[in-house]
Every structure is written in C-alpha cells, then in structure tokens.
Amino acid sequence: MIGRFQRTVARCVTVLVLALGATAAPAAELELNVEIPTLPVAEYHRPYVAIWIEGADQTIAANLAVWYQTRGDHTKWLPDLRQWWRRGGRDLKVPVDGLTGATRPVGQHILKFDAAAEPLAKLAPGKYELVVEAVREVGGREAVRIPFEWPIKGAKQGGAKGTKELGAVALKLNP
C-alpha cells in the first residue's frame with residue numbers, strides 16, 4: 001500500500017516539475033543595448049533619446065523608450081528629436097508610464113521587451129527598423145538604424161554605431 005502511494009506521489013511530482021519547466025521556458029524577447037558615450041566637451045548635457053520601431057512606410061510601429069529631462073517642463077525640447085517627432089512623437093502626450101523616463105548618464109543601457117507583451121504584441125509580421133535617435137543641448141543630433149524581421153524566427157543579432165552622440169547600439173532577437 002505504501003509503495004503504491006509513493007509511486008503516485010512520484011508521478012504527481014514528475015508531472016508538476018514538467019509543468020513548471022514548461023512554463024519557465026524563456027519567452028521571446030527583444031534585447032537592446034544602447035551606449036551613451038563619454039564626450040570630451042566643456043559643457044555636457046545628457047542627451048534626449050527616442051527609441052522606436054519603424055515600419056516600411058516610415059511610421060512608428062511601436063515606441064520603445066523616450067528619455068528626456070523630466071524635472072521641470074522640458075518637453076519643449078522633444079521636437080529636437082526630429083525624426084521621432086515628425087513620425088509620430090508629436091502625437092504622444094508625455095509622460096507615458098513604461099515608455100518615457102529621465103535622461104540616462106554615460107554608459108551602457110540594456111532594455112528588454114517581451115514579444116508577447118505591449119508594445120511588441122501588436123506588431124504585424126514584416127520588415128522593420130529599430131531606430132535610436134539622440135540629441136544633446138550644445139551638442140549634435142544622431143540616429144542609427146538596425147533592420148530586422150518580425151516575428152522572431154531564430155536568434156539574431158544586429159548592430160550599429162554612432163559617430164558622436166551615440167556609441168554602439170546592439171539588438172538581440174531571442175525566439
């Protein structure tokens with residue numbers, strides 16, 4: 001009787017472990033690494049940065065992040081992110097929870113987005129470009145683009161490098 005009980009418990013534990021293992025599998029994600037470089041200038045201001053996914057028609061398919069000076073009313077400088085602003089940034093009422101945030105310091109910044117969650121969940125299959133645009137007061141403006149296809153079919157990587165306002169930008173697509 002005890003042997004039968006132990007086998008039943010062992011089967012239940014096995015089924016439970018398999019079920020937990022199935023749910024613990026990593027979900028598809030888009031990982032982005034954006035470098036804000038150190039600049040040898042006398043007057044340095046952190047850059048405003050917009051990160052979005054652009055469709056073939058050059059409209060914004062998904063906004064991923066907008067970093068700007070959140071203290072005080074500094075939204076008046078958001079139009080300086082010219083490409084993002086013209087393609088749809090002007091229609092956005094900031095701040096937006098989960099999208100907008102404070103400017104970032106010099107260094108590497110990693111962003112991860114779950115493919116099954118907003119804003120990627122509504123992305124239609126097709127060819128896209130990840131765009132990162134940066135503009136800095138008393139500095140310059142720069143944008144880099146990384147093409148990719150959606151949905152994620154296999155592990156892929158892409159990258160681009162800015163020349164001044166942006167450093168290396170790396171995109172990883174994990175199925």
Side-chain angles (χ1 to χ4, degrees), residues 26-55 58-123 128-148 150 152 155-175:
E29 70 176 8
L30 181 150
E31 181 180 318
L32 180 65
N33 189 340
V34 177
E35 178 186 18
I36 305 292
T38 302
L39 299 175
V41 294
E43 183 178 345
Y44 180 79
H45 300 274
R46 290 181 180 183
Y48 280 32
V49 176
I51 304 168
W52 72 96
I53 295 173
E54 191 172 281
Q58 296 186 331
T59 59
I60 295 176
N63 277 304
L64 299 180
V66 178
W67 302 334
Y68 68 102
Q69 188 171 349
T70 56
R71 284 182 295 149
D73 183 21
H74 295 281
T75 57
K76 64 183 179 182
W77 304 112
L78 286 174
D80 286 350
L81 292 163
R82 292 183 198 157
Q83 290 185 31
W84 173 76
W85 186 257
R86 290 178 182 154
R87 285 174 170 77
R90 65 178 136 212
D91 299 329
L92 196 65
K93 302 288 182 211
V94 295
V96 178
D97 192 31
L99 174 68
T100 58
T103 56
R104 304 290 171 95
V106 168
Q108 303 280 332
H109 303 281
I110 297 174
L111 304 167
K112 292 184 179 183
F113 300 92
D114 185 348
E118 291 292 329
L120 301 179
K122 293 182 179 176
L123 210 57
Y128 294 94
E129 284 188 329
L130 174 86
V131 186
V132 180
E133 182 178 19
V135 62
R136 193 171 50 83
E137 184 180 352
V138 196
R141 186 175 56 79
E142 184 167 45
V144 296
R145 296 172 171 273
I146 303 171
F148 68 97
W150 192 263
I152 303 169
K156 294 193 178 176
Q157 295 184 356
K161 185 164 176 46
T163 57
K164 190 171 181 183
E165 301 301 331
L166 289 169
V169 177
L171 173 67
K172 286 184 185 174
L173 299 169
N174 300 314

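When every heavy atom of P47 is checked against every heavy atom of A134, the shortest pair comes out as CB-CB, 4.3 Å.
Using modelled atom types, one finds a donor on one side chain and an acceptor on the other under 3.5 Å when comparing Q83 with R145.
Judged by distance alone, with hydrogens and angles left aside, the side-chain atoms of E165 form a donor-acceptor pair with the main-chain N or O of G140 at under 3.5 Å. Although no hydrogens or angles enter the test, the distance criterion places no donor-acceptor pair under 3.5 Å between the side chain of E133 and the main chain of R141. In this structure, the side chain of E129 does not engage the main chain of I146 through any donor-acceptor pair within 3.5 Å. No donor-acceptor pair closer than 3.5 Å links the side chain of E35 to the backbone N or O of G107.
Counting heavy atoms from C-beta on, the side chains of W150 and L120 come closer than 4.5 Å. Using a 4.5 Å heavy-atom threshold, the side chains of L64 and L130 count as touching. Inter-residue side-chain proximity for Q157 and L173 is flagged as unmet; no heavy-atom pair is nearer than 4.5 Å. Using a 4.5 Å heavy-atom threshold, the side chains of L123 and Y128 count as touching. The shortest distance between side-chain heavy atoms of Y48 and L81 falls below 4.5 Å. A 4.5 Å side-chain heavy-atom check between F113 and E31 finds every atom pair outside the cut-off.
Between the CG atom of L32 and the NZ atom of K112 there is a distance of 11.5 Å, given to the nearest 0.5 Å. Atom-to-atom distance recorded for L78:CG and Y68:OH is 6.5 Å, nearest 0.5 angstrom. Interatomic distance, CH2 of W77 versus CD of Q69, reported as 10.5 Å (0.5 Å rounding). We find the CZ-CZ distance between R46 and R104 to be 9.5 Å, quoted to the nearest 0.5 Å.
Using a 4.0 Å cut-off between charged side-chain N and carboxylate O, R87 and E54 make a salt bridge.
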Just do the side-chain contact (heavy atoms from CB on, under 4.5 Å) check on Y44 and V106 with the steps written out, would you? CA-CA 11 Å; Y44 180 79; V106 168; 3.7 Å; yes
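A side-chain contact (heavy atoms from CB on, under 4.5 Å) with W84 is found for exactly one of I51, V49, I60, namely I60.
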